[in-house]
Structures are given as C-alpha cells and as structure tokens.
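Proteins come first, then strands; the chains are lettered A, B, ... in the order of their sequence lines, and each starts at number 1. Side chains included, hydrogens not; waters and symmetry mates left out as well; all remaining heavy atoms used.
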Amino acid sequence: MTSPDVLVIGAGPGGYVAAIRAAQLGKSVTVVEKGEIGGVCLNVGCIPSKAIITASALVSRMRQADRYGISVTGVAVDMAKLVAWKDSVVKRLTGGIGTLFGKHTIRVVAGTARFTGPGKVAVKTAAGEEAFSPGATIVATGSRPVEIPGFSFDGERILSSTDALALSAVPKRLLVIGGGYIGLELGIALHGLGSEVTVVELTDSILPGTDPELSAVVHRTLKKKKVRVLLGAKALGWKETPGGLSVEVETKKGREEIACDKVLLTVGRRPNSEGLGLDLAGLPVGPGGFIAIDAHCRTGAEGVFAIGDVAGQPMLAHKASREGIIAAEVIAGRPSARDWAAIPAVIFTDPEIASVGLTEAEAAAKGIETVTGKFPFGANGRALTLDAGEGFAKVVAEKGSGVVLGVHLVGPEAAELVSEGALAVEMGATLEDLALTIHPHPTLPETIMEAAEAALGHAIHIYTGK
Amino acid sequence: MAFEFKMPDIGEGLVEGEIVKWLVKAGEKIAEDQPMVEVLTDKATVELPSPRAGTVRELRAKEGDVVPVGTVIIVIDEAGGAAKPAPEPTKPAPEPAKPAAPKGPPPREPAPPAEPPREPPARVLATPAVRKYARERGVEIAAIAGTGPQGRVTREDVDRHVAAPATAPAAATTPAPHAVAPLAEDRRVPLRGLRRLISQSMARSKRTAAHFTIVEEAFVDELVRLREKLRDEVEPARLSYLPFVMKALVPALREFPYLNSSMDDASNEIVLHGGIHLGFAVDTAAGLTVPVVHDVPGKTIPELAAEIEALADRARAGRATPEDLRGGTFTITSTGPEGGLHATPVINHPEVAILGVHAIRRKPVVRGDEIAIGHVMHLSLSLDHRVVDGMTGARFLTRVVRLLEEPGRLLLGMKQ
C-alpha cells in the first residue's frame with residue numbers, strides 16, 4: 001500500500017497541471033496514466049490538430065500565392081512526413097512534461113486506476129496491481145469520442161479524430177459526420193491538404209452552440225471552398241462499395257447515398273467516468289456521466305476531487321488546467337475557487353472563431369440590456385495585408401455602465417486575439433477602457449478597440465452615423 | 001420572459017441592503033406593486049414592491065444576506081410570457097460553454113452535462129487578483145460594496161470590509177471552530193438586521209469619537225406647569241416634554257454651532273450644519289431607532305408633537321422610511337422613567353453631540369435659604385472632544401438648562 005499525498009488519475013492538461021502544482025506546494029504526488037502523458041490534448045487533440053491545420057493553411061496559401069505574383073508549382077503533400085513532423089511537436093511537448101515530472105519527483109504509474117473503496121485506489125499495471133491510499137485523489141480522466149448507431153470506429157474506414165490525426169495518406173473523399181468544431185477543424189484541414197469534403201450535420205447550423213453571426217462567416221467560406229454542407233441531415237449507415245464507401249444520409253429532401261473513402265465521426269465526447277469504481281468511492285455519477293463538483297473541485301466523496309472534462313462542460317483543456325491548479329491548491333489548504341468570469345473558447349476553422357463572455361442573446365436571457373459594437377476585419381489594415389479580410393470583431397457591453405460582458409471574433413488569428421477580451425471581462429473593463437487603450441498599428445487587435453469605439457458610437461474606420 | 005429584480009439604490013448613496021424577510025416564495029404568483037421583500041438599508045426597513053406581475057421563479061438571496069446594490073435578488077417570470085408553473089432550477093455557471101462539444105440533438109449526443117453544483121452566478125465586478133485576495137481573507141466578495149468604477153470591488157474595499165467585521169457574513173459560511181465547547185444552555189443568535197446596524201454604528205462611534213459626558217440638573221417647575229396648561233390644547237397629539245426640549249435646543253445650537261455639526265472623518269473636516277434637524281431615540285422591539293425631525297426651528301410645538309408621534313409610531317412598527325432616519329444634526333435620547341439618574345450616551349456618529357434627557361422627578365431643592373420640593377430633570381450631554389471642548393460643552397448645557405428652567409425666554413427668539 002502506497003500513500004502519496006496526492007494521487008492524480010489521468011495526465012492530460014488537467015491532471016499533469018494539478019500534479020505539478022501539488023508538487024510545487026510540497027505534496028508527494030503520484031500520477032496514473034493509462035495512455036500517454038499529456039492526454040488527448042497533447043497527443044491526439046488540440047496540439048496535433050493545430051500542427052496539421054498549420055500545414056494545411058500553408059498549402060492553401062501557396063495555392064493562392066499567384067495573387068501576390070508568386071508562382072508556386074508542384075505543391076504536393078506527403079502525409080506521412082507531415083504526420084511525422086506533427087508527432088515530433090507532440091513528443092517535444094510531452095517530453096517536456098516528463099522532464100518537469102522528474103524535476104518535481106512526481107511518480108508516474110502506467111496503468112489503469114479504479115477505486116476499491118473510500119480513499120482506496122488500485123492501479124492495474126503491466127507488472128500486476130498496486131494499491132494506493134492517497135491523502136487526496138484527483139480524478140482527471142477526461143473524455144472520449146462517442147459513436148452513433150450504425151457507425152463504430154474501426155480506425156480504417158470510420159475514423160475518430162484520433163485516427164484522422166494519424167492518417168498515412170490524404171483521403172480523396174472525406175465525409176465528416178458532425179459539423180461541430182472538431183469535425184470542421186479537421187474537415188477544413190484535410191480539405192486544404194486535398195480532400196474533397198462533405199459535412200453532415202444533424203442540426204440546422206454548423207457549429208451548434210456558437211453565436212450564429214460568427215458561424216455564418218465560416219459557413220460562407222465553406223461554400224467558397226466548395227465543401228458540401230448538409231444541415232438537418234442524419235447519417236443512417238454505410239456500406240463498402242467497389243470504389244470505396246457509400247454512406248446513407250437522410251436529408252430534408254430525402255435519402256441520399258454519398259460516396260466517400262473515409263468517414264470522420266465527430267459527434268461529441270463523453271466523460272470517462274465508467275470503470276473507475278466511483279460507486280465504491282462513494283461517488284455517484286451525475287447525468288451525462290459527469291462527476292459533480294463544487295467551487296473548489298470537491299466531489300461528494302471525502303478527499304476526492306474531479307477536474308476537466310469528466311467534471312462537466314465546457315470540455316476545454318484550459319478549463320481543465322485551471323481546475324487542476326485549483327484542486328491542487330485546495331488540497332494544500334489554499335482558498336482557491338472556480339470563480340472565473342468567463343472561459344474563452346477558440347475554434348481553428350477558416351477563418352478562426354473565438355469567443356469569451358456573453359453574447360447579446362445570452363445577456364438578454366439573463367435580463368441584461370446590452371450595447372454591441374462590431375468592426376469588420378475588412379476595414380483593418382493588417383487583416384487586408386494578410387489577405388484575410390473576412391469576419392469581424394464584436395464587443396458586447398452592459399448598457400449604461402459599459403462594462404464589457406463579451407468579446408466575440410471571427411476572422412484571422414481570432415484565437416490569438418480573444419485573450420484581450422478575456423482580460424477585459426475578468427478585469428471588469430468598460431468599453432472606454434478598451435477604446436482608450438492605444439493599440440499598435442497596424443495590427444489585428446485594433447479591431448477590438450474599434451468595435452468598442454463602435455459600441456460607444458464613434459469608430460473611426462467605419463461610418464456609424466452622426 | 002424572466003424579469004430579474006436587482007437590489008435598488010433605495011436611498012442616495014446606498015451601497016448594500018440586508019434582506020430582512022422575504023414576503024414571497026419561489027413558485028408563488030405575484031402582482032405588480034405587491035410587497036415582495038423587506039430590506040434593511042441604513043437603519044430603515046423598507047418593503048420593496050414588485051415592479052412586475054407574474055410568478056416568482058427564484059429567490060437569489062437568503063434572509064440575512066447583505067446584498068450589494070445592483071445584485072439580482074429575485075427572478076420573476078412575467079405574466080405576459082410563457083407560463084412557467086414550476087420554478088426552474090438555478091441556471092448554473094455564467095461562462096459561455098460554447099464549442100465545448102458539438103451539441104446535436106439527443107440520439108447521437110451524450111446527454112446534457114450534469115452541471116456541478118456551482119456558486120450562484122452573482123456578477124461581482126472585481127479583478128481576478130482581488131477575488132483571490134478576498135478568498136484569502138475569508139470574505140465573500142459578493143457581500144462587499146465596491147467603490148471602484150461601476151461599483152468594482154477594489155483591494156481596499158476588501159480591506160475595509162475585513163476591518164469592519166460586523167458586516168462580514170463570511171462568518172456564516174465558515175463557522176469558526178469553537179475553541180471551547182459551548183455549554184448546553186448557550187444559544188448563538190446571528191447578528192442581523194437592526195441589531196447588526198446598531199452594533200456597527202455604536203462600535204464605530206466609540207472607536208472614532210473621543211467621548212466625554214457632562215451631567216447637569218434643571219429645575220423645571222415652570223416647564224411642568226406650562227405643559228400641564230397646554231397639553232389639552234394640542235390634541236390629538238400627546239404633548240410630551242420632547243418638543244419643549246427641542247425648542248430649547250434651537251437657540252442653544254445657534255449660539256454654539258459646533259454642537260450642531262458632524263465630523264467628516266474621511267476629509268478631516270468639521271461640517272457645521274445650516275439646518276437644525278433633531279434625531280430622537282425610539283426604543284423599538286427590534287432595537288434602537290433614531291427618527292429625525294427635520295427643520296425644528298420652522299415648526300410649532302404642536303407640529304413638533306404631532307411629527308414626533310408619527311415618526312415614533314412608524315419606527316415602532318418597523319416602517320420608518322429612509323427619509324425618516326436621514327439628515328440628523330444632533331440627537332436627543334429621552335431615557336424615560338426607568339432611564340436612571342444620568343447616563344453616558346453614545347454619540348450618533350458622525351454627529352458630535354447627544355443629549356440624554358432624564359425623567360423629571362420631584363426632589364428636595366434649595367430655594368433661597370429653604371429646602372423645598374421641586375421638579376428636577378437631569379441632562380447628560382455626551383460630546384466628541386475632537387470637536388467640542390469641555391468648557392464649550394458646559395456653556396452650551398448651561399444655556400439649555402436655562403431655557404428649560406425659564407421657557408419664557410424662548411419668546412426672545414420668536415419671529416412672529
């Protein structure tokens with residue numbers, strides 16, 4: 001029986017951060033990981049997908065370089081080589097975490113953990129089983145992709161996001177089921193690398209849950225790219241044909257057989273709360289498989305904390321990391337709490353979408369009257385010199401006080417820009433604070449300043465009336 | 001359509017109010033203008049009426065909570081909107097959970113997430129560092145009145161809140177461990193409502209003002225006779241001695257303006273008041289309340305008598321308005337028959353003087369060279385020595401005694 005101060009189950013962006021912070025605070029820490037250090041995010045999620053997206057965007061750019069008088073010929077994608085580069089990026093990052101673990105003398109146990117009783121955890125390893133009775137346990141088991149009836153991941157024809165990031169060749173025809181952010185990020189990336197892409201989305205909009213004003217811009221570029229998007233469409237099943245696969249899709253107009261070579265299934269993720277013996281820990285699993293936590297990441301069971309995807313929406317790495325820090329600090333007796341004002345969200349589509357805080361609709365639902373300012377990237381000098389004038393920045397503020405409630409962006413580098421909005425929302429900044437902060441010229445963040453000016457009624461570079 | 005009712009700024013400069021009592025509960029129908037909650041502001045309990053008709057969806061504050069102005073305290077489903085019979089569960093988490101996972105309809109989606117039990121989404125304007133600072137000091141930041149731009153809670157606000165422990169409801173959330181196990185008969189009563197306010201303001205007064213008290217006696221045979229003669233003429237109001245005391249104070253306060261002043265501790269200035277607005281202590285079931293008779297010089301004795309009675313009635317019923325309690329420049333505390341021989345009254349901060357008026361008793365007095373029976377009233381004057389020196393206070397008190405002993409002198413000040 002081993003009794004570390006803290007046992008962390010899962011070494012993703014929640015778990016590894018929790019482990020390091022706990023060690024910084026003088027705790028003895030053991031981390032259990034059944035897969036790779038870094039979890040989904042580093043190994044088969046955020047990081048590798050960004051690497052592929054970067055390469056894809058470069059290909060697209062080379063294809064349009066002619067506009068700038070640059071002739072590029074013979075562009076060819078060696079998918080295996082691209083994947084190898086991506087893997088090297090991943091390895092560098094996960095290796096970095098391994099080094100940090102070493103410096104903090106955090107013990108890593110490769111295996112599968114489950115509770116065997118309150119405060120008791122058993123880990124099945126290659127060598128056998130090891131029992132733990134830690135001072136505190138942090139459940140950071142993350143989430144996994146879900147399947148739908150008629151489609152099961154086989155790594156060959158029906159791909160998960162993980163499979164899509166390890167392709168050895170660019171599929172000629174790709175059918176994406178699920179027009180959420182994972183499906184569109186990967187779908188657009190593979191389109192850029194040469195795939196012919198069709199997206200099947202069950203709801204009436206791509207990127208459900210995103211401000212429709214933002215997703216509309218992405219939808220327009222999908223059309224321009226000739227990515228076929230079927231909305232209100234349901235994939236029923238598939239069969240193999242001599243030329244590849246045929247997927248039966250029920251659309252509003254009737255049933256349709258869509259020919260493709262691979263199917264990418266990205267319809268959502270489910271928390272990894274099964275098989276953990278949570279009932280033995282005295283911990284009921286809530287609806288949807290999430291573990292309920294309080295403001296301090298405590299669960300209903302004494303000494304058990306939960307963080308990240310398994311502890312509730314939104315399933316975002318940065319939320320998991322923050323919760324990891326909070327859980328570790330609470331275990332160390334510090335008064336940390338999940339008291340953020342907003343969690344930014346970023347989508348690496350083309351163009352990117354990024355959002356923090358409330359939209360007008362969300363504010364209205366809370367009974368808050370708002371003023372909104374918008375500024376198009378088409379009127380921003382830097383965006384045009386990047387040849388990326390699509391989209392806009394939108395600032396939502398409380399009417400009267402001008403306190404910034406949300407910043408929403410669709411356009412070039414939106415994901416990089418949103419942090420200014422997150423800072424504004426966390427600091428309780430007002431429209432004037434944003435408008436009066438001098439932004440360097442010519443840069444993309446000027447759009448946020450000008451959107452704030454627009455909300456105040458006097459943006460310089462667009463006419464908003466007298 | 002859900003209507004969110006925010007704690008209004010009931011009086012000028014009000015920063016927070018305490019929820020004394022909810023008059024409605026979740027799920028209940030509510031009419032427009034129906035009283036929904038009793039709120040304690042600076043000394044007054046006020047009933048807030050509902051601005052909308054509909055159904056109460058949710059109460060966002062508990063009785064005893066001190067809520068900053070602008071915080072949503074009740075959510076009402078308006079009658080015009082879709083009828084929502086049952087109160088919805090609290091919508092958790094204010095964050096936009098947007099592209100968390102592609103959200104599709106049920107069949108192919110994981111069930112909607114179990115939202116963890118989260119803190120209510122009270123939007124408190126404060127930087128993350130200040131929020132952390134408040135947590136470290138064990139303070140619920142939502143309970144702190146912010147003084148920064150748009151009501152932002154600053155680090156200094158947190159310090160101030162911590163320094164005034166009476167206002168810190170944090171004690172309620174994290175009960176202090178008992179050093180000694182309480183005896184079986186011990187009972188703990190939370191410091192709430194008027195008691196909390198009294199506790200705060202008395203402690204503040206004692207902490208800041210340099211109290212001293214002068215006691216004098218007044219031979220008030222003439223005043224007693226005068227009142228006997230007049231008492232039937234001022235029906236319906238009951239004619240107490242208080243209007244006479246007030247009238248006697250007017251010329252004295254005019255002569256000694258520093259007694260009719262306030263200490264502005266923030267700016268280190270003495271504010272000499274132009275008007276004479278006299279507060280008088282009323283003993284109510286909930287505790288001591290001090291309504292104010294405004295513009296005492298401009299009112300006749302019967303008018304003063306009527307107003308004193310009306311103010312006292314409202315105060316005893318717990319219905320004093322903020323206006324009733326605001327703007328005093330000097331306070332009188334009549335201790336009544338059980339009030340003792342003399343007292344050391346606590347100044348009603350930020351005023352600088354308070355006059356204790358004790359019961360009139362028949363006593364042996366020296367008249368000429370004889371001992372006779374006379375009516376004697378004791379007066380206890382407490383002063384803030386930072387503003388008023390002993391001799392000034394004594395002269396003032398002598399002047400008041402003179403006017404009470406010879407009420408005819410008040411004629412000298414008459415203008416009509």
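- Annotation: side chain of B:Leu125 is not in contact with side chain of B:Val153 (no heavy-atom distance under 4.5 Å).
- Residue B:Gln150 touches chain A through its side chain alone, counting heavy-atom pairs closer than 4.5 Å.
- Heavy atoms closer than 4.5 Å to chain A are found nowhere in B:Ala129, neither backbone nor side chain.
- Contacts of B:Arg152 with chain A are made by side-chain atoms alone, with heavy-atom separations under 4.5 Å and no backbone atom involved.
- Contacts between A:Asp204 and chain B at a heavy-atom distance below 4.5 Å are absent for every atom of the residue.
- Using a 4.0 Å cut-off between a side-chain N of Lys or Arg and a carboxylate O of Asp or Glu, B:Glu58 and B:Arg60 qualify as a salt bridge.
- In terms of the salt bridge (charged side-chain N to carboxylate O under 4.0 Å, His left out) criterion, residue partners of B:Arg137 (sequence neighbours excluded) are, by chain and number, B:Asp159.
- Between A:Glu369 and A:Lys399 there is a salt bridge, with a side-chain nitrogen of the basic residue lying less than 4.0 Å from a carboxylate oxygen of the acidic one.
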